[in-house]
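Input: a single structure, listed below in structure tokens.
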Amino acid sequence: MAKIHISEIQEILAQKGAEDAKPNSNSGYFLEIRFDDPQLDAKVVDEELQNQTITADCPYGMVTIQFDKYGQLKSIDLS
């Protein structure tokens, strides 16, 4: 299993010029991790999660988890 910490993702994105990936950035803080790939054939995985959004608090701030029209994980947003 591969693991990566949010702080590592922040460093990678900041090195690529995404200033808003840093928690104490002057431009605000926003980090999105995408899981969807338009080139992959999708099928319905979970009808209950189709087009659903879940929000929760975490040590990094507010987390928004989005599912696509197939019920597959689309993105995780931290702000």
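Along the sequence shown, residues carry numbers from 1.
- Summarising the geometry, atom OG1 belonging to Thr55 is positioned 5.5 Å from atom CE belonging to Met62; distances are rounded to the nearest 0.5 Å.
- The side-chain contact (heavy atoms from CB on, under 4.5 Å) test applied to Asn51 returns Lys69, not counting sequence neighbours.
- With sequence neighbours excluded, the residues forming a side-chain contact (heavy atoms from CB on, under 4.5 Å) with Val63 are Cys58, Ile65, Ile76, Leu78, listed by chain and number.
- Separating the CD1 atom in Ile54 from the CZ atom in Phe67 is a distance of 4.5 Å, to the nearest 0.5 Å.
- Remark: Ser75 engages Gln66 in a side chain to side chain donor-acceptor pair (under 3.5 Å) (not counting sequence neighbours).
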Atom pairs and distances, donor-acceptor, side-chain atoms in residues 10-17, under 3.5 Å, two or more places apart:
residue : atom : partner : partner atom : Å
Gln10   : NE2  : Ala21   : O            : 3.4
Gln10   : NE2  : Tyr29   : OH           : 3.0

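- Glu48 and Gln52 make their closest contact through O-CG, 3.4 Å (heavy atoms, listed as atom of the first residue, atom of the second, distance).
- None of Ile9, Asp77, Leu73 except one satisfies the side-chain contact (heavy atoms from CB on, under 4.5 Å) rule with Ile33; the exception is Ile9.
- Residues satisfying the side-chain contact (heavy atoms from CB on, under 4.5 Å) test with Glu47, not counting sequence neighbours, are Val44, Gln50.
- If you take NZ on Lys74 and CZ on Phe35, they are separated by 13.0 Å, rounding to the nearest 0.5 Å.
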